[in-house]
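To start, the structure under review is shown below, and the notes come after it.
Throughout, protein chains are lettered first and strands after them, A, B, ... in sequence-line order, and every chain is numbered starting at 1.
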Amino acid sequence: MIVNWYRYSSPISFYPLAGRLARVFGVLAVVFTLAGLYIGLIVAPTDATQGDAYRIIFLHVPTAWMAMFIYLVMAFWSALALGFNTRLSAMMAQALAPTGALMAALALWSGAFWGRPTWGTYWAWDARMTSTLILLFLYLGIIALRNAIDDPRRADRACALLALVGAVNVPIIYFSVQWWNTLHQGSSISLTAAPKMAMTMLEGLLVMTAGVWSYCIAVTLARVRAIIVERERGAGWVASLIAPQGAR
Amino acid sequence: MSPTAVPQPDAASVSAAFAWALGRDLRIALRSKAELGVQLMFYVIVVSLFPLASSPSREVLATLGPGVLWTAALLASLLSLPRLFAADFGDGTLEQIALSPRPLPALVSGKMAAHWLTTGLPVAVLAPLLGEQYAMDGTELWILAAALLLGTPILSLLGAIGATLTLGARGGGSLLALLVLPLYAPVLIFGAGAVDAVRSGLSAGPQLSLLAAGLLLALVGTPFAVAAAVRIALD
Amino acid sequence: MSPTAVPQPDAASVSAAFAWALGRDLRIALRSKAELGVQLMFYVIVVSLFPLASSPSREVLATLGPGVLWTAALLASLLSLPRLFAADFGDGTLEQIALSPRPLPALVSGKMAAHWLTTGLPVAVLAPLLGEQYAMDGTELWILAAALLLGTPILSLLGAIGATLTLGARGGGSLLALLVLPLYAPVLIFGAGAVDAVRSGLSAGPQLSLLAAGLLLALVGTPFAVAAAVRIALD
Amino acid sequence: MLETRSLAARRGFATLFQGLGFALAAGEALVVSGPNGCGKTTLLRMLAGLSAPAEGEICWDGASVRPFDAKLREAVAFNGHLPALKDELTAFENLAAWTTLENERADAQAIDRALADVALARRARIPARALSQGQRRRIGLARLSLSRRRLWILDEPLTALDSDGVEVLETLLAAHLEGGGLVVAASHQALPVPTANLRPLDLATVPGGSHG
Amino acid sequence: MLETRSLAARRGFATLFQGLGFALAAGEALVVSGPNGCGKTTLLRMLAGLSAPAEGEICWDGASVRPFDAKLREAVAFNGHLPALKDELTAFENLAAWTTLENERADAQAIDRALADVALARRARIPARALSQGQRRRIGLARLSLSRRRLWILDEPLTALDSDGVEVLETLLAAHLEGGGLVVAASHQALPVPTANLRPLDLATVPGGSHG
Ligand code: HEM
Ligand SMILES: Nc1ncnc2c1ncn2[C@@H]1O[C@H](COP(=O)(O)OP(=O)(O)OP(=O)(O)O)[C@@H](O)[C@H]1O
Ligand SMILES: Nc1ncnc2c1ncn2[C@@H]1O[C@H](COP(=O)(O)OP(=O)(O)OP(=O)(O)O)[C@@H](O)[C@H]1O
Ligand SMILES: [Mg+2]
Ligand SMILES: [Mg+2]
């Protein structure tokens, strides 16, 4: 077990594995998303109060979830990178940031367009919105910081530290705004309460979530492969990897 | 560690290190009085801008007051952050500080304290005077001052993280702002919320306690984060 | 001067000098495309801070708008201006610039133009978009953009005087800088006042003409003042 | 005392040196030479504990040390390219601040004496900004003379020094090595170190380098 | 060409030198020496037109010149203590910017050749921040090689240069003097200038100095 982890914590052995996984999750992403869209746009009935506008939920909720979840994962890899100085975990964190930013941006964008018909405004300063916005800024800050530091090793550690500081900050923002002002609706999926949503809607939501999730995994792994090649192109094994492909 | 290891930083060496950095930075800051002047002038200009420019009604002013005073405090803090570590980094002082046997977190804390004393504290003192412009009454001004006294140190602490992370990075000022402003958000929300609470007849207790809790958290955590960032920057 | 004297700076050499300084500073400022993004993000965050602090109503927001957008412009200007000349001074570039045969006022004008293009212009362009958040309507947004376009260059120009005067950091110069900074205030007042005028049904003409006059005055005078200050700083 | 094993440094995609191993005993001075850009400064910063080697390890007093190791920090005095002077403070204030930072117990008289030794007595009370290049470097020498650190790491210590300044450095180095101190220095000129204590290291001959 | 009459420099209440007069003809190199703080840098900055002498006058091509004189600015290339490098820009970009500023018409190939001459071909495209101390000074040498200025003013040009670098400087100086250029340099070491062209000036022997 331990041996396995060590084996895959080196970029050399992770590279081919990531390639295979990326392909699998890429296929899953397409399948789940198509199924989710089918359920969401065709099977699910029009809502009595909101009309068809509510269908934004099938994009909004999965992306909002992923925006938060990816940040957690990124913070986890960052902690590993800082603590154990492992190259691969820093690369994972680096690869996650753009996808996280995309998810946060999609959640904000879809939320804003949902807000227009339902609350009559694109924007309000509420807990979820504010914390999603700040999350987006944190992602962008991490990306910008990396771009601004020439030495990748130093960039790794600086970004990891920023990600961890941000990880403390996001929950604080969430609660600070919640105590101060609330407009956004609360969680409607919980394990303890009876489901409040229609069954088809829930199904569609879950399938879409699986699709978005798979997409994130596939894209991140593909990106991490690109990062490995870029960063380790001095090393022999990467050179031998690139040469035959270039010849083809 | 072996028995002959260097003694772990004890309270005396921590406070000596803190005092060293604080004294040194204060002395340098007071040699260039103009910089302090620019800081305060910026604060006064920003705060006076709204009543001057838009001559709003008293109620509107009163609504605006806390937000404006807080945002201005935040921007004033931001304005001086780039210089907090960059000068030391550029002239090699930071290397020497990081190589000193004294505990680095205590040393950087001294620097952050000096930053607060030269930016946050003057703002907290000035704000109640400027608050008069915003039709704020006695209690509100007191609460405002209290909130600023609790909140501005957090700004200096969190800001220092951004300032050290951007050392040796391209793009300075606005990159720093981009990293730091999201971290500032909760302080701003609670800080401005404190005055709003008293104004709407509630107690400002919760907000002030939250600020105090945040300050404690920041006091405990940031010195280590900043010390780590300093070491990363020097590598 | 003797007949063999160096030709007086003609229009071509002035514009070449201007273009050189402008191009170089722009290149440094925009070393990576990401930096442009950082600049823009910075305004968006600063502009979003006020509503975050005071959760105001639509009318209050509308009152706030011009002031907030102007403050953001001021901050952007202030955050990067000291670095613009201080960096050149610290690494010896300013010496080389001052020793170049090219006309110094044109060279510093190029620097100031680069500063405005990277701080003032983006604000002026973004402001109408961000103004939406502040419940401002079409005409108001146009007037706002116009006022910012006229006013932000003045900020860059006046700021450059302050920045060069503080370079050597001998007491006298810094004091002068303190005298220059308050000149920012009228720019902000007229600038924010322009929008308020349209809002209250008046014409923004007077404010805009005053800004334009100020801009002309600054354009004519500051290059020479800054060039003189640079030479003083190097002595 | 100071020992390295198969040390390597990489910058960007260039390997500056690798497989570097040496052992330096008390009273010895390692003088690193080599062409511009061969990695002298990089090596010195690693030895001072400022940056981590790409490979290999550094041992101090028999124990392997990582960057910013507490025991190394107790022992090292690092004089790099940067002067670490505050322009706003005077030579005296700068020196006082350094010695306090190093935990040395130097009183005002000792500091004044150290400044006089480097011929700065008459310039001790003006802002460091006004000092000449060589005078600024001399404050660094005064600092070494007050320091009781065991390992001195000096990057091009001869820069900007006149012949008197070189003599001052010579005296300092001799006394330090005499007292069992260690020195690691990078220089393009011959350093004034007694040949008995000198351990030259030419980085150009260490494998891995691809300079220029 | 370059002439001074009873030049004096004062800093604070100290007179660094006074009554300094010399005349430097085409093809000659004035090498200024003297202890730290004797006023070498101060003199060079006066000659470059960066600061005004306390007394006396400086003549260039027979005409008395004041600081920032237009004709002097056409003629002078000044390499001071400060490198005037932008860390964000590459060596190539820095050099290109300088030559344009000097009104020289240098194309990309000439710049690349100049960088290759100072052995920086392989480091020409990384940010100057990453370069070693000596590599940074070499960019200054490359700049001189592209410059067609008549009067070179060099403050401690040997700083941080390895022996190859010194050779490059030697070639540059010889060619410049050969072509009728003038050089004023301050240095603590012997400069590689042909003795025929050398005009030494020991500032310590100029009256008025009270150093230390
Ligand atoms: C820009 C504005 C918005 C942002 C940033 C935003 C953000 C979020 C976030 C972060 C979540 C996940 C929260 C959680 O599960 O705890 C979420 C969930 C949700 N949002 Fe939004 N939202 C926005 C606007 C809206 C609007 C306008 C509506 C509808 C009126 C809406 C309806 C929902 C619903 C129904 C959920 C699912 C809650 C659940 O079941 O847990 N959101 N949103
Ligand atoms: N990102 C990078 N890509 C390529 N090379 C780099 C990078 N960063 C640094 N370098 C190189 O690493 C080397 C650092 O050398 P270092 O400063 O240790 O040299 P040095 O031996 O001290 O030279 P000097 O005698 O000039 O002081 C330089 O050759 C520099 O060009
Ligand atoms: N305000 C002041 N009061 C007294 N002395 C001053 C003042 N400002 C500068 N000085 C002195 O003026 C001198 C400037 O010397 P300069 O930099 O020209 O020396 P230098 O010959 O280049 O020395 P080095 O060899 O160290 O580079 C120094 O001795 C400095 O101490
Ligand atoms: Mg070096
Ligand atoms: Mg000198």
Side-chain angles (χ1 to χ4, degrees), chain D residues 11-14 16 33-42 44 80-83 91 115-127 129-139 141 155-156 158-168 186-190 202-204 210-212, chain E residues 11-14 16 33-44 80-83 115-127 129-139 141 155-156 158-168 186-190 202-204 210-212:
Chain D
R11 286 286 176 273
F13 298 104
L16 297 177
S33 61
N36 289 141
C38 70
K40 299 182 294 299
T41 300
T42 310
L44 263 54
H81 282 307
L82 297 170
L115 282 171
D117 286 347
V118 296
L120 278 180
R122 294 179 49 202
R123 300 280 197 266
R125 257 73 181 183
I126 59 174
R129 175 188 302 117
L131 295 179
S132 83
Q133 211 64 13
Q135 288 168 338
R136 292 165 72 89
R137 301 287 306 191
R138 278 159 182 257
I139 307 181
L141 296 187
D155 203 350
E156 310 203 21
L158 296 178
T159 303
L161 288 185
D162 62 9
S163 50
D164 281 359
V166 176
E167 256 171 50
V168 172
S187 182
H188 293 293
Q189 293 124 260
D202 188 352
L203 265 192
S210 55
H211 323 294
Chain E
R11 285 284 176 275
F13 300 107
L16 296 177
S33 60
N36 289 140
C38 69
K40 298 183 294 299
T41 300
T42 310
L43 174 62
L44 264 54
H81 283 305
L82 298 170
L115 283 171
D117 287 347
V118 295
L120 278 180
R122 292 180 49 204
R123 300 280 197 265
R125 258 73 179 183
I126 60 175
R129 174 188 302 115
L131 295 179
S132 83
Q133 211 65 13
Q135 288 168 338
R136 293 166 72 89
R137 300 287 307 190
R138 278 159 181 257
I139 306 181
L141 296 186
D155 204 350
E156 310 204 19
L158 296 178
T159 304
L161 289 184
D162 61 8
S163 49
D164 282 357
V166 176
E167 256 171 51
V168 172
S187 181
H188 294 292
Q189 292 123 263
D202 188 353
L203 264 193
S210 55
H211 323 293

**Study point:** Per-residue contact mode, D:R138 against chain E (heavy atom under 4.5 angstrom)
**Key:**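 For D:R138, side-chain heavy atoms alone lie under 4.5 Å from chain E.
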
Check your understanding: Which bit of D:L158 is near chain E, if near means a heavy-atom gap under 4.5 Å: side chain, backbone, both or neither?
Key ->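 Contact with chain E is absent: no heavy atom of D:L158 under 4.5 Å.
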
Point to revise | Pick from D:S163, D:A160, D:G12, D:A130 with the largest number of heavy-atom pairs that fall under 4.5 Å of chain E | key: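 Highest number of heavy-atom pairs under 4.5 Å: D:A160.
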
Point to revise | Pairwise side-chain contact, E:V168 with E:L161, heavy-atom cut-off 4.5 Å (strictly under) | key: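 When only atoms from C-beta onward are counted, E:L161 and E:V168 do not touch, as no gap falls below 4.5 Å.
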
Review point. Going by heavy atoms in the side chains, are E:L120 and E:I139 under 4.5 Å from each other?
Key: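 A side-chain contact under 4.5 Å exists here.
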
Exercise for review: Let me know if E:T41 has heavy atoms under 4.5 Å from chain D in its side chain, its backbone, both or neither.
Suggested key: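 Answer is neither: E:T41 stays 4.5 Å or more from chain D.
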
Exercise for review: Select one option (side chain, backbone, both, neither) describing which atoms of E:I126 are under 4.5 Å from chain D's heavy atoms.
Suggested key: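 Contact with chain D: none, neither part.
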
Exercise for review: List the atom of D:R129, the atom of D:R136, and the distance in Å for their closest heavy-atom pair.
Suggested key: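 Shortest heavy-atom separation between D:R129 and D:R136 comes out as CA-NH1, 4.1 Å.
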
Exercise for review: Begin from the C-alpha positions of D:N36 and D:H188 and carry the test side chain to side chain contact (heavy atoms under 4.5 Å, CB included) through to its verdict.
Suggested key: CA-CA 9 Å; D:N36 289 141; D:H188 293 293; 3.2 Å; yes

**Study point:** Donor-acceptor under 3.5 Å (D:K40 side chain, D:P35 main chain)
**Key:**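 Side chain of D:K40 to backbone of D:P35, a donor-acceptor pair under 3.5 Å: yes, one is there.
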
